Amino acid sequence: MLRDRIHGGQILAAELEREFAGNPDVIVLALPRGGVPVAAEVARVLHLPMDVYVVRKIGVPGHEELAMGAIATGGVRVINREVVDLHGIQPDEMEDATARERQELARREEMYRD
């Protein structure tokens, strides 16, 4: 039974230690928020650098909880064409929604890395 996320990171680090500890070609990526404590513990135990990988949903205009896609750290953008086509989302609407989420993505990346 896991006591908390730090304990989970310790267990995961023990599983990964043999293959990855101290490897200069490895970085631990954390998904905010819940993944950060786990990843921080893995990075600490394995003596590896850590970074955050922030992901933001791109919501359908007027129905923002429904994802028409997502963006992530590094300029990644994935679009669900079925949702876009089903809701008749125009390219300019998709670009506007993406631009808003990129601003929030940048804000969160700065916050987590600060």
Side-chain angles (χ1 to χ4, degrees):
M1 181 74 154
L2 297 178
R3 293 186 304 270
D4 55 26
R5 288 189 169 104
I6 293 171
H7 183 228
Q10 292 166 346
I11 292 171
L12 180 58
E15 293 292 320
L16 300 173
E17 189 167 21
R18 183 179 211 170
E19 188 169 351
F20 297 108
N23 185 330
D25 295 326
V26 174
I27 184 169
V28 178
L29 289 176
L31 290 171
R33 295 173 306 210
V36 172
V38 176
E41 193 62 16
V42 170
R44 183 190 70 76
V45 171
L46 302 184
H47 306 286
L48 295 171
M50 184 189 104
D51 199 357
V52 292
Y53 192 76
V54 181
V55 178
R56 294 287 300 166
K57 170 180 57 183
I58 304 170
V60 169
H63 305 282
E64 281 71 20
E65 289 302 312
L66 174 60
M68 66 174 154
I71 59 171
T73 297
V76 174
R77 182 172 90 161
V78 177
I79 299 298
N80 183 329
R81 286 283 163 205
E82 288 180 29
V83 171
V84 169
D85 293 345
L86 182 65
H87 292 275
I89 298 165
Q90 298 301 307
D92 61 322
E93 293 176 296
M94 189 183 320
E95 292 307 318
D96 289 347
T98 300
R100 282 190 302 277
E101 293 306 327
R102 279 196 179 117
Q103 287 180 329
E104 181 61 15
L105 184 91
R107 185 190 75 76
R108 289 181 183 214
E109 284 180 329
E110 184 176 326
M111 179 182 68
Y112 285 117
R113 290 192 177 110
D114 192 32

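Nothing here was measured: the structure is a model prediction, and the numbers come from that model.
- E101 places no side-chain N or O within 3.5 Å of a backbone atom of A99 that could act as its donor or acceptor partner.
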For this session: Show your reasoning for whether salt bridge (charged side-chain N to carboxylate O under 4.0 Å, His left out) applies to R107 and E110.
Result: CA-CA 5 Å; R107 185 190 75 76; E110 184 176 326; over 6 Å; no
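- Pairing each heavy atom of A72 with each of Y53, the nearest pair is CB-OH, 3.5 Å.
- Neither L31 nor Y112 shares a network with the other; the hydrophobic side chains, linked directly or stepwise wherever heavy atoms of I, L, V, M, F, W or Y lie under 4.5 Å apart, form separate groups for each.
- A 4.5 Å side-chain heavy-atom check between M94 and R77 finds at least one atom pair inside the cut-off.
- The neighbour count for E82 CD, taken as heavy atoms of other residues, nucleotides or ligands under 6.0 Å away, does not exceed 12.
- Here the closest heavy-atom approach between residue A30 and residue G35 is recorded as CB-O, 3.8 Å.
- Interatomic distance, CD1 of I58 versus CD1 of I79, reported as 4.5 Å (0.5 Å rounding).
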Practice task
Starting from the C-alpha separation in whole Å, work towards a yes-or-no answer on side chain to side chain contact (heavy atoms under 4.5 Å, CB included) for T73 and V52.
Solution key: CA-CA 8 Å; T73 297; V52 292; 5.8 Å; no
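- The hydrophobic clustering, which links ILVMFWY residues whose side-chain heavy atoms are closer than 4.5 Å, places M68 and V55 apart.
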_Using side chain to side chain contact (heavy atoms under 4.5 Å, CB included), reason through R100 and R56 one step at a time and then give a plain yes or no._
CA-CA 10 Å; R100 282 190 302 277; R56 294 287 300 166; over 6 Å; no
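- At a threshold of 4.5 Å between side-chain heavy atoms, the hydrophobic network of Ile, Leu, Val, Met, Phe, Trp and Tyr places I27 and V38 in two separate groups.
- In terms of hydrophobic clustering, with Ile, Leu, Val, Met, Phe, Trp and Tyr side chains grouped at heavy-atom distances under 4.5 Å, V26 and L46 are assigned to a common cluster.
- Distance check: H63 NE2 to I89 CD1 gives 9.0 Å after rounding to the nearest 0.5 Å.
- E41 has its side chain out of reach of H7: every pair of non-hydrogen atoms, C-beta onward, lies at least 4.5 Å apart.
- Smallest separation of non-hydrogen atoms from G9 and V42: O-CG2, 3.4 Å.
- A donor-acceptor distance shorter than 3.5 angstrom exists from the side chain of Q90 to the backbone of G88, with no hydrogens or angles considered.
- Within a 6.0 Å radius of CZ in R5, other residues, nucleotides and ligands contribute 12 heavy atoms or fewer.
- Here the shortest heavy-atom pairing between R108 and V54 reads CB-CG1, 4.2 Å.
- Transitive grouping of hydrophobic side chains (ILVMFWY, heavy atoms separated by less than 4.5 Å) keeps L86 and V60 in distinct clusters.
- Shortest non-hydrogen contact noted between L48 and G22 is CD2-N, 3.8 Å.
- The shortest heavy-atom contact between L2 and G8 is CD2-CA, 3.8 Å.
- Atom CZ of R18 sits about 11.5 Å away from atom CD of E15, to the nearest 0.5 Å.
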Next item on the list: Could you walk me through whether V36 and M50 pass the side chain to side chain contact (heavy atoms under 4.5 Å, CB included) test, one step at a time?
Entry: CA-CA 9 Å; V36 172; M50 184 189 104; 4.1 Å; yes
